[in-house]
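I have placed the structure first, in the form of structure tokens, so that the comments after it can refer back to it.
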Amino acid sequence: MKRRIEELEELKKLGINPYPYEFPVNAYSVEILQNFKDDDQPMNVSVAGRIMSIRRMGKATFSHIQDSKGKIQVYFKKDVLGDKYDILRLLDIGDIIGVKGEVFRTKTGEITVKVEDYQVLAKAIRPLPVVKEKIDERGNRIVYDPFTDKEMRYRQRYVDLIVNPEVKQVFIKRAKIISSIREILDSHGFIEVETPILQPIYGGATARPFVTHHNALDMDLYLRIADELYLKRLIVGGFDGVYEIGKDFRNEGMDRMHNPEFTMLELYVAYKDYNWMMEFTENLIYEVNLRVNETPKIKFGDNEIDLTPPWRRAPMFELLKQYTGENLEGKSEDELRAIATRLGVDVSSKIGAGKIIDEIFSELVQPNLIQPTFVIDYPVEMSPLAKRHRNNPRLVERFEVVICGMEVCNAFSELNDPIDQRLRFEEQARLRAQGDEEAMAIDEDFIRALEYGMPPTAGLGIGIDRLVMILTNQRTIRDVILFPHMRPEK
RNA sequence: GGGCCCGUAGCUCAGUGGUAGAGCAUCUGCCUUUUAAGCAGGAGGUCGGAGGUUCGAUCCCUCCCGGGCUCACCA
């Protein structure tokens with residue numbers, strides 16, 4: 001770094017501002033490479049980017065500069081640049097420059113800008129990890145000395161993005177996934193809304209919250225764990241379809257699938273049920289994927305996933321039977337506990353029947369569900385906000401979508417009976433008193449809203465980060481979140 | 001929180017109970033179509049931190065910090 005600061009001072013002494021105000025860019029690296037034709041009129045371009053490699057050969061210098069779209073080689077020649085050529089010695093890998101010149105093809109065939117003039121746009125005083133690469137005879141990109149330290153990649157994502165181009169592609173895809181979802185939902189006439197992140201009572205999911213404090217009101221507030229209860233209030237208020245894409249916060253462990261803050265889509269549609277929502281969901285994800293990946297069959301790890309609808313629909317108890325050989329339907333809590341033990345699934349003594357079933361399911365069934373699967377019809381105790389099943393009062397009309405063993409969506413026919421809702425909340429309060437820290441609190445205002453009448457409604461939640469993982473073939477959530485949560489650096 | 005593993009030069013990594021090495025980056029010199037440019041030479045390190053064992057610790061032990069994988073917890 002010391003050396004680079006000296007170079008910086010030297011540039012200033014020569015009357016060169018190492019941090020000027022603008023540069024007239026009129027072309028991008030990959031577009032030049034695509035548009036160049038050998039027998040065309042000379043093509044004059046003005047490109048800007050970061051120096052990623054530099055090969056000095058006395059009175060000629062080759063360098064690759066990287067802009068937002070890719071890389072292009074530039075060629076500096078003493079003949080052409082005169083005294084300005086000598087200033088090149090003050091430039092390093094990592095510096096940002098702008099060049100103007102004519103595009104040509106070198107002896108070895110690479111499309112290159114012959115620099116007629118150039119300008120320093122930002123001197124980098126901190127050295128960049130230098131990643132070298134070569135294209136072999138088969139056209140494969142071989143990377144030497146890759147920048148792979150995960151801690152540094154996540155803490156200094158800006159460096160990761162500079163030197164690992166495939167990382168950038170993941171986040172470009174992520175943006176496209178989210179904008180495609182918006183376009184599709186908007187085209188169906190759904191209204192995008194924003195609901196509170198700071199909530200006096202947290203609800204809509206079972207999870208522990210982050211707590212914060214409002215000074216003026218001198219009261220604790222919670223960062224939301226879900227948007228659900230507010231969005232349903234809007235259905236009560238007369239919107240037919242509302243959705244929100246935003247961050248939820250859950251104060252729990254972090255691992256390959258979980259980050260304390262994560263992005264959720266929630267969608268509520270009046271006069272529909274979960275059957276309608278299944279069809280909508282498979283079509284939505286199919287269409288989003290097509291726009292992003294241009295094929296319905298995608299790779300995830302060693303698996304090929306076919307997102308073409310219709311997806312398999314299977315009742316939870318049927319899947320349990322298929323993968324464990326046990327029929328759990330209608331069993332008491334004690335019986336379930338015995339079955340869990342027999343199957344080798346550890347269950348805490350604090351949890352109730354619903355959660356025991358959930359445990360067995362996530363451990364023995366879910367990992368086997370690779371192709372997109374709607375798991376439907378959950379036990380009522382697990383789902384205090386879902387409507388009872390029309391054919392079986394012990395179940396609710398709920399589905400989750402599992403892809404590659406990952407739960408990606410959760411949806412119900414929404415409970416709109418205010419009396420039943422109160423009973424379900426009271427059951428939750430009982431579990432809470434028993435020591436279940438994630439059980440829900442009673443939200444009186446939400447019940448009051450239901451008392452005014454909510455139409456039959458279907459609701460859907462999609463974990464956007466997990467969806468992005470699947471559509472970009474990334475194994476950990478940290479690789480689809482730009483700045484994943486880390487312990488602070490010392 | 002438990003288990004296993006990791007932390008050595010800017011980056012990627014070797015290594016040994018006698019205070020360190022490679023490749024690339026960097027610096028000097030040569031080089032006007034190179035591309036992992038090349039050739040010659042040079043510099044660069046509190047071996048994550050603090051203790052301990054030892055004549056002597058980067059190496060062995062303990063604790064701490066940070067990270068990875070995994071299990072648990074958890075959607």
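What's counted below: heavy atoms across the whole structure, side chains too, no hydrogens, waters or symmetry copies. The sequence lines fix the lettering, A, B, ..., with proteins before strands; numbering per chain opens at 1. Since we're looking at a predicted model, the values are computed, not measured.
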For RNA chain B, which residues in [range] have a heavy atom at a distance below 4.0 Å?
range	result
residues 397-410 of chain A	A:Glu400, A:Glu407
residues 370-389 of chain A	none
residues 101-116 of chain A	A:Phe104, A:Thr106, A:Lys107, A:Thr108, A:Glu110

Handout entry: salt bridge (Lys or Arg N to Asp or Glu O under 4.0 Å) involving A:Glu10 - partner list, sequence neighbours excluded
Key = A:Arg89
Problem - Under the salt bridge (Lys or Arg N to Asp or Glu O under 4.0 Å) test, residues paired with A:Asp117 that sit two or more places apart - result: A:Lys84
Handout entry: By ring-ring contact (aromatic ring centres under 6.0 Å, His included) - contacts of A:Phe62 (at least two apart)
Key = A:Tyr75
Problem - Pairwise side-chain contact, A:Leu385 with A:Phe412, heavy-atom cut-off 4.5 Å (strictly under) - result: yes
Practice task
Treating a pair as Watson-Crick (purine N1 to pyrimidine N3 plus N6-O4 or O6-N4) or G-U wobble (N1-O2 and O6-N3) with both distances under 3.5 Å, list the stems of 3 or more consecutive pairs that involve RNA chain B.
Solution key: B:1-7 with B:65-71, B:10-13 with B:21-24, B:26-30 with B:38-42, B:48-52 with B:60-64
Fill in the blank from the handout: Once base and sugar-phosphate atoms are separated, protein heavy atoms under 4.0 Å mark nucleotides 1-15 of chain B, 5' to 3', with B, S and - as ----------SS---
Please give the distance between the [atom1] atoms of [N] and [M] as a whole number of Å.
N	M	atom1	result
B:rA37	B:rG18	P	38 Å
B:rU16	B:rU58	C1'	9 Å
B:rG3	B:rC73	C1'	16 Å

For [X], which residues count as a side chain to side chain donor-acceptor pair (under 3.5 Å) partner, sequence neighbours excluded?
X	answer
A:Glu102	none
A:Arg394	none
A:Asp38	A:Arg105

Exercise for the section: Tell me what A:Glu7 touches on the nucleic acid: a base, only sugar-phosphate, or nothing, going by heavy atoms under 4.0 Å. Expected result: sugar-phosphate
Between protein and nucleotides 37-47 of chain B, what N or O pairs are separated by less than 3.5 Å?
unit_1	atom_1	unit_2	atom_2	d
B:rA37	OP1	A:Lys132	NZ	2.1
B:rA37	OP2	A:Arg55	NH1	3.3
B:rA37	N6	A:Arg56	O	3.0

